[in-house]
Amino acid sequence: MKRNMRQWVREYREAHVKKAAPILSFPGVQLLGRTVEELVGSGQLQAACMQAVADRFPAGIAFSLMDLSVEAEAFGSRILYSPDEVPTVVGTLIRSEEEAEALRVPEVGAGRTGECVEGIRLASARITDRPVLAGMIGPFSLAGRLLDMTEIMVMCYEEPDIVETILKKAVQFLTAYARAFKAAGADGICIAEPAAGLLSPGLIAEFSTPYVNEICEAVEDDEFMVLYHNCGNVEPLLDNLNLVKATAYSFGNAVDLSKTLEALPADKLVFGNIDPAGVIRHGSPQAIREQTLSLLSACGRYPNFVIASGCDIPPMTPLENIQAFFDAVEEYYSF
């Protein structure tokens, strides 16, 4: 169901009662009785998972899987799969300038990307009461998986040409991937760029933000939004993040979100930032209630604040813990 996302953002910002919008998808495997490994390889299961989550929890957005191995696999990286954990990239694909130059940009559909697009096509047709956002990795974070994160941090200083070669190929693919999600019916994308949180202000301005903005400029319009997600310590980077052309931001629990809200444009939604692992996955329902009410008390006065998880909620998170989060949000807004 297509909707005017600029209007949706305005209405969300102006609403007195805001629905929580955690990055919530993988725990749906528990509702389906399937494994994570089965889920990540099947567009039909991904759509069923998103629908099951949407039917169970009153979230403001239906998020697809935040699986940051998909795009690296399409480029040729080796992936480690697990029944209960999100897939991870294993090893290094690019080790030299020659290999960087020779790297082929895959077509959308390579690896599991076709299944992810199909999952969004199905989910967008089934989930019509809230926006559907597709998940994809950001350009610097993808380059870090292809080059190895330790290596890319060194290369930014010593061999920046290699990094830029990979980034140009990464953004070429990611732009096509975002367009495929848009054509499939998504209301937007969530670009996860956590590796950029490791960069200095100068380096993020060179190796991340311009490439993120290239994607934003290619796909954002009235019916399609970009949510920029960075769960690193972005407090030293806020001046630069003001330059990100996305419609909304999502931040992790590494930052004081009230300070972050003060520094960012008031017309852009800011999502965050309950710890998805330490609190929602491993905390007690009472601890979740306390943390959620505390964050809402600190940030609820900002019209552009949306209570959410600070990152993707892990697959095996107890469903009663997730319910405790939503119950706490409802409790806060009932006063």
Side-chain angles (χ1 to χ4, degrees), residues 20-32 34-37 39-40 45-47 49-50 52-54 56-57 59-73 79-89 112 116 119-120 123 130-138 141-142 144-145 181 186 188-197 226-234 248-255 257 270-283 288 291-292 295 306-319 321-323 325-326:
I23 303 175
L24 172 61
S25 53
F26 273 112
V29 295
Q30 300 174 62
L31 299 170
L32 298 181
R34 308 300 286 261
T35 67
V36 172
E37 188 169 1
L39 183 68
V40 298
L45 285 180
Q46 290 171 30
C49 180
M50 293 174 68
V53 169
R56 176 68 178 268
F57 299 108
I61 292 174
F63 284 96
S64 74
L65 308 183
M66 186 177 280
D67 178 355
L68 305 189
S69 71
V70 170
E71 298 86 352
E73 183 180 47
I79 307 301
L80 178 65
Y81 293 96
S82 167
D84 296 331
E85 300 293 337
V86 179
T88 57
V89 177
R112 290 174 288 130
C116 294
I120 286 297
R130 68 199 74 180
V132 171
L133 263 60
M136 58 181 274
I137 198 170
S141 299
L142 174 54
R145 280 158 175 76
F181 283 132
I189 52 172
C190 175
I191 297 181
E193 184 72 319
V226 175
L227 171 62
Y228 173 88
H229 173 76
N230 191 325
C231 52
N233 179 15
V234 300
Y249 302 97
S250 167
F251 296 118
N253 54 288
V255 299
L257 205 59
V270 176
F271 294 70
N273 67 342
I274 301 295
D275 182 350
V279 175
I280 300 179
R281 168 70 174 91
H282 294 292
I288 293 165
Q291 290 280 336
T292 303
L295 181 61
V306 181
I307 184 74
S309 55
C311 197
D312 194 27
I313 297 177
M316 294 298 110
T317 300
L319 298 180
N321 283 13
I322 298 171
Q323 187 61 55
F325 167 75
F326 282 102

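This is a predicted model, so every value here is computed, not measured.
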Passes side-chain contact (heavy atoms from CB on, under 4.5 Å), Phe271 versus Ile61? Steps please. CA-CA 11 Å; Phe271 294 70; Ile61 292 174; 3.8 Å; yes
Do the side chain of Gln46 and the main chain of Leu39 share a donor and acceptor less than 3.5 angstrom apart? yes
Before you tell me yes or no, could you show the steps for Leu295 and Ile274 under side-chain contact (heavy atoms from CB on, under 4.5 Å), namely the whole-Å CA-CA distance, both residues' side-chain angles and the distance that decides it to 0.1 Å? CA-CA 8 Å; Leu295 181 61; Ile274 301 295; 3.7 Å; yes
If you define the side chain from C-beta out and look only at heavy atoms, does anything of Cys231 sit under 4.5 Å from Phe251? no
Enter the distance from Asn321:CG to Arg281:CZ here, rounded to the nearest 0.5 Å. 8.5 Å
May I ask you to decide if Ile137's main-chain N or O and Glu71's side chain share a donor-acceptor pair within less than 3.5 Å? yes
Quick check against the 3.5 Å criterion: does Asn273 have a side-chain atom that pairs as donor or acceptor with the backbone of Gly252? yes
Are the side chains of Thr35 and Val29 in contact, using a 4.5 Å heavy-atom criterion? no
Taking all non-hydrogen atoms of both residues into account, name the closest pair between Pro87 and Tyr81 and its distance. CG-CD2, 3.9 Å
So which atom in Val306 and which in Ala21 form the shortest heavy-atom distance, rounded to 0.1 Å? CG1-CB, 4.0 Å
Rounded to the nearest 0.5 Å, how far does CZ of Phe26 lie from CD of Glu85? 10.0 Å
Check whether any side-chain heavy atom of Asn253 sits under 4.5 Å from a side-chain heavy atom of Pro276, and report yes or no. yes
Euclidean distance, Asp67 CG relative to Cys116 SG, rounded to 0.5 Å: 6.5 Å
State, without any angle test, whether Arg112 and Ser69 hold a side-chain donor-acceptor pair at a distance under 3.5 Å. yes
For the residue pair Leu65 and Ser25, what are the closest heavy atoms and their distance? CA-OG, 3.4 Å
Audit row: His229, Glu193, side-chain contact (heavy atoms from CB on, under 4.5 Å) steps and yes/no: CA-CA 6 Å; His229 173 76; Glu193 184 72 319; over 6 Å; no
Would you mind reporting whether Leu227 and Leu133 have side-chain heavy atoms less than 4.5 Å apart? yes
Return yes if some donor-acceptor pair links the side-chain N/O of Thr317 with the main-chain N/O of Pro314 below 3.5 Å, else return no. yes
Grab the two heavy atoms, one from Arg130 and one from Ala59, that are nearest each other, plus how far apart they are. NH1-O, 3.2 Å
Run the side-chain contact (heavy atoms from CB on, under 4.5 Å) test on Leu257 and Val270 for me, step by step, so that the C-alpha distance in whole Å, both residues' side-chain angles and the decisive distance to 0.1 Å come before the verdict. CA-CA 9 Å; Leu257 205 59; Val270 176; 4.1 Å; yes
Using the ring of each side chain (for Trp, its six-membered ring), is Tyr228 parallel, tilted or perpendicular to Tyr249, with breaks at 30° and 60°? perpendicular
Is a side-chain N or O of Arg34 found less than 3.5 angstrom from the main chain of Leu45, in a donor-acceptor match? no
One should read off an interatomic distance between Met66 CE and Cys190 SG, to the nearest 0.5 angstrom, of 4.0 Å
Beyond-backbone contact of Pro194 with Leu68, side-chain heavy atoms, under 4.5 angstrom: yes
Interatomic spacing from CG in Leu24 to CZ in Phe63 - rounded to 0.5 Å: 9.5 Å
Shortest non-hydrogen contact from Ser141 to Ala195? OG-N, 3.1 Å
Just wondering, do Asp84 and Pro315 contact through their side chains at under 4.5 Å, heavy atoms? no
When rounded to the nearest 0.5 angstrom, what is the spacing between CG in Leu319 and CZ in Arg56? 5.0 Å
Give a yes or no on whether the backbone of Ile23 and the side-chain of Ser309 come within a donor-acceptor separation of less than 3.5 Å. yes
